[in-house]
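Here the structure is laid out as structure tokens; the discussion comes afterwards.
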Protein chains: 2
Amino acid sequence: MKKRPIPPALPVAEDLRASYYWTRIREFGKKYKAFDWPAVRTLLTFVYTYDVLMVHFTKLMAGYGLSPAVFNVLMILSRSSGKKLKQHDISKLLLVSRANVTGLVNALVRKGLAKREADRSDGRAWLVKITPKGKALLESYLPHHYTTIHRIFSEFKPDEKKELFRLLCKFKSGIR
Amino acid sequence: MKKRPIPPALPVAEDLRASYYWTRIREFGKKYKAFDWPAVRTLLTFVYTYDVLMVHFTKLMAGYGLSPAVFNVLMILSRSSGKKLKQHDISKLLLVSRANVTGLVNALVRKGLAKREADRSDGRAWLVKITPKGKALLESYLPHHYTTIHRIFSEFKPDEKKELFRLLCKFKSGIR
DNA sequence: TATTGTTATACTCTATAACTATA
DNA sequence: TATAGTTATAGAGTATAACAATA
């Protein structure tokens, strides 16, 4: 007796969804002079991949009480080699507003993951420092983080990783 | 007399910022068994590229009174070939909650870009339809949209676009 | 006058839960 | 009982503008 085929599960449904939508975008695209399907489908895949990636990492981080923005701040604090950073430094490294950093640092302080110290050489500024608790949390999370990244690329040959990196850099530099 | 060197402008500053941050991430990464720098730098570039891309398109759309989420809904309505969609259909195509779609459709209706019609075959449902005004707005925006995408990829050879598409698909399928 | 940080406010995008009306 | 949509509420992440304190 023949084996039953494996029932088409979620990925197929997602592909149907994508093709339903994309087929039409491609069809309608013919109307536009500049429409470049190989470029458009690459961009759509890029955006869709980002969504999938962020859902994945947001869940992973949530298991440690972290959010992506908070994780980024914690990484910056942890990787500054003991050098205490002003909030304004963080805002420049993260490319977000100072007001935003106030909120993110508040969140870290509330959880005991960072603390503020007065800057003796500049009365306007705070110096932000990761606490042992913050360091411990980050160090408990990071092995999972890096293992996940490694696994995502596990089917990539070294040259493919390099090539994707190169093409992404080229892509980024094309945006202006 | 020697010419003054061109002052290093934004891109260089950004690269410095990135290298400041990345150099440390790479240095510290050595501690972790699974740390795979070619993978990590590709992922960081991917995320950074997305940020740059979204800032760019968000601004472009804002010039037409559109936001990314509203644009997506408008595209779905416009590309459904006259077939009126239930809000639930939109939520499935967009992979967002029904409550979310209510808000997005409200925004479109408020601006006169879409309208709701009763579904005669299902008293629970609304059928959502793009209005001529919505169509006109979308059609005024799309040439810029596609021109921008084309320009972003203008330095790509056809094979490079294909390869980036392939690698992004592979990347996406590695996320689980 | 310029800079650092805070507060107030607001916008986009998203979600869940409880609800109504209908199937 | 299941489904379509709405409402209320929440929360993350972002921004600008006005402000106080300090440089």
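Treat the numbers as computed from the prediction; the structure is a model and nothing was measured. Order of the sequence lines sets the chain letters (A, B, ...), proteins ahead of strands, with each chain counted from 1. Hydrogens, waters and symmetry mates play no part in the numbers below; they use all other heavy atoms, side chains included.
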What's the CD1-P distance between A:I90 and C:dT4, to the nearest Å? 13 Å
Indicate, with yes or no, if the rings of A:F156 and A:F153 have centres closer together than 6.0 Å. yes
Backbone N/O of B:E155 and side chain of A:K170: donor-acceptor pair under 3.5 Å: yes
Touch class at under 4.0 angstrom, heavy-atom based, for B:D119 against every strand present: nothing
According to a strict under-4.0 Å criterion, is A:N100 in side-chain N/O contact with OP1 or OP2 of D:dA15? yes
Using atom CG of B:D122 as one end and atom C1' of D:dA4 as the other, report the distance to the nearest whole Å. 7 Å
Whether B:S97 contacts C:dT14 is assessed here as follows: a side-chain N or O lying under 4.0 Å from the phosphate OP1 or OP2. Is that the case? no
Need one value for B:S67: base, sugar-phosphate or nothing, where a base atom within 4.0 Å counts as base even if backbone is also close, heavy atoms only. sugar-phosphate
Measure the distance from CG on A:L104 to C1' on D:dA12 and round it to the nearest whole Å. 10 Å
May I ask you to say whether A:R124 pairs ionically with A:D122, meaning some side-chain N is under 4.0 Å from a carboxylate O? yes
What residues 53-64 of chain A contributes to the DNA chain D interface at heavy-atom separation below 4.0 Å is none
To the nearest Å, give me how far apart CG (B:D51) and P (D:dG13) are. 12 Å
Between A:K31 and B:E139, does at least one N-O distance fall below 4.0 Å, as a salt bridge requires? yes
Could you check whether the rings of B:W37 and B:W22 sit parallel, tilted or perpendicular, using 30° and 60° as the cut-offs? perpendicular
Nearest-angstrom distance from the residue atom CD of B:E117 to C1' of D:dG5: 17 Å
List, with names and distances, any nitrogen or oxygen atoms from the protein found under 3.5 Å away from nitrogen or oxygen atoms belonging to nucleotides 5-7 of chain C.
| from | atom 1 | to | atom 2 | distance (Å) |
| --- | --- | --- | --- | --- |
| C:dG5 | OP1 | A:Q87 | N | 3.1 |
| C:dG5 | OP1 | A:W126 | N | 3.2 |
| C:dG5 | OP1 | A:W126 | O | 3.2 |
| C:dG5 | OP2 | A:H88 | N | 2.5 |
| C:dG5 | O3' | A:W126 | NE1 | 3.3 |
| C:dG5 | N7 | A:R98 | NE | 2.8 |
| C:dG5 | N7 | A:R98 | NH2 | 2.9 |
| C:dG5 | O6 | A:R98 | NH2 | 3.0 |
| C:dT6 | OP1 | A:W126 | NE1 | 3.3 |
| C:dT6 | OP2 | A:Q87 | OE1 | 3.3 |
| C:dT6 | OP2 | A:Q87 | NE2 | 2.7 |
| C:dT6 | OP2 | A:T102 | OG1 | 2.7 |

In terms of the angle between their ring planes, are B:H145 and B:F71 parallel, tilted or perpendicular, with boundaries placed at 30° and 60°? tilted
May I ask you to decide if the ring planes of B:Y146 and A:F35 are parallel, tilted or perpendicular, using 30° and 60° as cut-offs? perpendicular
ILVMFWY cluster, B:F28 and A:Y141 together (side-chain gap under 4.5 Å): no
Give a yes or no on whether the ring-centroid distance for B:F171 and B:F46 is below 6.0 angstrom. yes
What is the distance from CG of B:L94 to C1' of C:dA15, rounded to the nearest Å? 14 Å
